[in-house]
Amino acid sequence: MDVLEVAARATATGPVCDACLGRLVADRSFGLSNAERGSALRVSLALRGDDDHEPVATADCWVCEGRCADFGAWAERAAEAVEEVEFSTYNVGTRPPPLIEENEALLREEAGLEADAGEPFKSEFNREVGKRVGRLTDAEVSFDRPDVQFTIDLAEDALDAKVNSAFVYGRYRKLERDVPQTEWPCRECTGSGRQGADPCDHCGGSGYLYDDSVEEYTAPIVEDVMDGTEATFHGAGREDVDALMLGTGRPFVVEVAEPRRRRVDTDRLEADINAFAEGAVEVEGLRLATYDMVERVKEHDASKRYRAQVAFDADVDAEALAAAVDELEGTTVEQYTPKRVDHRRASLTRERDVYAATAELEDARHAVVEIHGAGGLYIKELISGDEGRTEPSLAGLLGVGADVTALDVIAVEGEAEPFEDEAYFRE
């Protein structure tokens, strides 16, 4: 390709600004802007023909219709739109008017170029506005889930600044029973708190079956500190409402929508949450996280360790109990959907592994049983048998009825690797 011949054919179509001219050969001479390429081509054409140098005002360009003079103005509008928002990464996208895209195609055709030659107007607009936004805000361009996404609609003369969510990862311990992980709307009134004109009898008019939740102890505090518009709690599974979550705690992420603040002191945030929860819930290890941490928390394969207080309906001796837990250890259990959750779980048989099992008899009718199993193993049913829905079970192996009277989760850990991977955290 003879770039001067391309330039000669392009400039013969009418007034073409330097940026639009240079964009035709954007793959030449790394380190130059398109406007610099276009200016150099125009000067070279004048020298070759010994003609007077006649610059073209951007406002007169028939291709971009003067839009290439507006990079700075759009950058200023973008910076003003987020002047009260903390962010460190951003990206710029542009919707060009259809006429400009048609003009571009025609210019390439007249210049004897392929339709995809050079660089599209949209790409240059994104880059040139983006560079200026970076200088004005001291932020960096990111193509992977930036903190702020600017979208410029040139036809509508409109700019949208979408502030993407921020994420805080941590682990929680639940130290009181009958506290659900998330808000639990009343089934009778579907969370309205009303039955007709009267307060709902089932929930007392609150709209919820429980007064508190792990979500309510954590998410509103994070939302307030980050000055967001909404907060969503994501947990790595959940324990039963009547179970404690102890030991190393359960991984979770709080997602804050449209945060105005991102540079938060996570140690102070941790202290604020723990003070607000007043011993019902504790959090630790809070860190700023990436968007991908939500999927990791929800999808990462994890094993669980449980401690269960078990009551038998007949006397059990230590030797029989030891033999039963030995038989459970290392086995693959088949569990048909438990009766207690069949209203919200698909009816099917699941296979789950028991990695380890121990038991200590307190008296002939009571024992403490500890189980380490794969994620999704129903521990209460592993103990009781759930009327034959779980095979094998502790009750079935002993030949006596067995029920869990209290359950504690004492560890939630990744199967192959920990949840806490540095690739999923932000500074």
Side-chain angles (χ1 to χ4, degrees), residues 171 173-178 181 236-251 300-342 345 348-419:
R171 286 176 174 262
R173 286 185 289 273
K174 193 181 76 178
L175 307 178
E176 292 183 1
R177 301 191 192 279
D178 296 324
Q181 185 188 84
R238 62 176 68 213
E239 65 283 339
D240 291 339
V241 67
D242 59 350
L244 299 182
M245 180 65 243
L246 305 175
T248 56
R250 185 181 295 276
H300 194 52
D301 289 337
S303 67
K304 318 288 173 59
R305 295 181 184 272
Y306 299 87
R307 181 171 58 234
Q309 300 285 339
V310 179
F312 305 109
D313 63 7
D315 288 354
V316 172
D317 63 50
E319 186 175 336
L321 180 61
V325 296
D326 282 347
E327 192 164 344
L328 280 181
E329 188 168 38
T331 194
T332 297
V333 178
E334 292 188 353
Q335 295 189 303
Y336 189 73
T337 303
K339 291 188 295 183
R340 64 188 174 92
V341 299
D342 61 6
R345 293 284 190 273
L348 51 86
T349 297
R350 299 168 176 84
E351 291 188 348
R352 296 291 187 269
D353 293 333
V354 177
Y355 300 144
T358 62
E360 183 176 342
L361 203 63
E362 294 185 323
D363 58 46
R365 295 288 184 100
H366 299 89
V368 177
V369 178
E370 294 196 4
I371 302 289
H372 179 205
L377 178 65
Y378 291 106
I379 297 301
K380 290 178 179 178
E381 287 69 28
L382 179 67
I383 302 296
S384 71
D386 197 26
E387 299 181 0
R389 291 180 175 224
T390 291
E391 291 287 349
S393 69
L394 183 62
L397 293 170
L398 288 170
V400 301
D403 289 299
V404 174
T405 59
L407 182 66
D408 302 335
V409 186
I410 53 179
V412 177
E413 302 297 344
E415 289 271 17
E417 61 183 25
F419 281 86

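Side-chain atoms are counted along with the backbone in the values below, which use heavy atoms only and exclude waters and symmetry mates. Nothing here was measured: the structure is a model prediction, and the numbers come from that model.
- A donor-acceptor pair under 3.5 Å is formed between the side chain of Gln181 and the backbone N or O of Gly237.
- Of all the heavy atoms in Glu413 and Thr248, the pair that sits closest is OE2-OG1, 2.9 Å.
- When atom types are taken as modelled, the side chain of Ser384 and the backbone of Asp386 share a donor-acceptor pair closer than 3.5 angstrom.
- Side chain of Arg307 to main chain of Val368: no donor-acceptor pair is present (N/O by atom type, distance under 3.5 Å, no hydrogens or angles).
- Shown here are the ring-ring contact (aromatic ring centres under 6.0 Å, His included) partners of Phe312, two or more places apart in sequence or in another chain: there are none.
- Of all heavy-atom pairs between Val404 and Ile383, the closest is CG2-CG1, 3.6 Å.
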CA sep, side-chain torsions, deciding dist, call: Thr349, Gln335, side chain to side chain contact (heavy atoms under 4.5 Å, CB included): CA-CA 5 Å; Thr349 297; Gln335 295 189 303; over 6 Å; no
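- Around CD of Glu334, the count of heavy atoms belonging to other residues, nucleotides or ligands within 6.0 Å does not exceed 12.
- Side-chain contact between Leu394 and Val369 is present, with heavy atoms from C-beta onward closer than 4.5 Å.
- With sequence neighbours left out, Thr358 forms a side-chain hydrogen bond (donor to acceptor under 3.5 Å, both in side chains) with no residue at all.
- In terms of modelled atom types and a separation under 3.5 Å, the side chain of Asp240 and the main chain of Ala243 share no donor-acceptor contact.
- Between the CD atom of Glu417 and the CG atom of Asp301 there is a distance of 10.0 Å, given to the nearest 0.5 Å.
- Glu415 is linked by a side-chain hydrogen bond (donor to acceptor under 3.5 Å, both in side chains) to Tyr355, counting only residues two or more places apart in sequence or in another chain.
- With Ser393 contributing its side chain and Gly396 its backbone, the two residues share a donor-acceptor pair below 3.5 Å.
- Side chain of His300 to backbone of Ala416: no donor-acceptor contact under 3.5 angstrom is found.
- Arg350 and Thr337 share a donor-acceptor pair across their side chains, judged by distance under 3.5 Å alone.
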Side chain to side chain contact (heavy atoms under 4.5 Å, CB included) assessment of Leu244 paired with Leu175: CA-CA 6 Å; Leu244 299 182; Leu175 307 178; 5.6 Å; no
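- We find the CG-CG distance between Leu361 and Leu321 to be 6.0 Å, quoted to the nearest 0.5 Å.
- For Asp242, the side-chain hydrogen bond (donor to acceptor under 3.5 Å, both in side chains) test picks out Lys380, with sequence neighbours left out.
- A salt bridge does not link Glu381 with Arg389: every distance from a Lys NZ or Arg NE/NH1/NH2 to an Asp or Glu carboxylate oxygen is 4.0 Å or more.
- Of all heavy-atom pairs between Arg171 and Gly249, the closest is NH1-O, 2.9 Å.
- In this structure, CD1 in Ile410 is found 13.0 Å from NZ in Lys304, a value given to the nearest 0.5 Å.
- In this structure, the separation between CG on Leu398 and CG on Asp317 is 9.0 Å, given to the nearest 0.5 Å.
- Separating the CD1 atom in Ile371 from the OH atom in Tyr306 is a distance of 10.5 Å, to the nearest 0.5 Å.
- Of all heavy-atom pairs spanning Ala357 and Val325, the tightest one is CB-O, 3.8 Å.
- Remark: Glu239 engages Lys174, Arg250 in a salt bridge (charged side-chain N to carboxylate O under 4.0 Å, His left out) (not counting sequence neighbours).
- Listed by first then second residue, pairs satisfying salt bridge (Lys or Arg N to Asp or Glu O under 4.0 Å) with a partner in residues 351-379 read Asp315-Arg365, not counting sequence neighbours.
- Side chain of Thr405 to backbone of Gln309: a donor-acceptor contact under 3.5 angstrom is found.
- Using a distance-only test at 3.5 Å, with no hydrogens or angles considered, no donor-acceptor pair links the side chain of Arg305 to the main chain of Val409.
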Test side chain to side chain contact (heavy atoms under 4.5 Å, CB included) applied to Thr390 and Val333, step by step: CA-CA 7 Å; Thr390 291; Val333 178; 3.5 Å; yes
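- In this structure, the side chain of Arg177 engages the main chain of Leu407 through a donor-acceptor pair within 3.5 Å.
- Of all non-hydrogen atoms in Pro392 and Thr332, the two that sit nearest each other are CD-O, 4.2 Å.
- Taking every heavy atom of both residues into account, Leu397 and Ala324 meet most closely at CD1-O, 3.5 Å.
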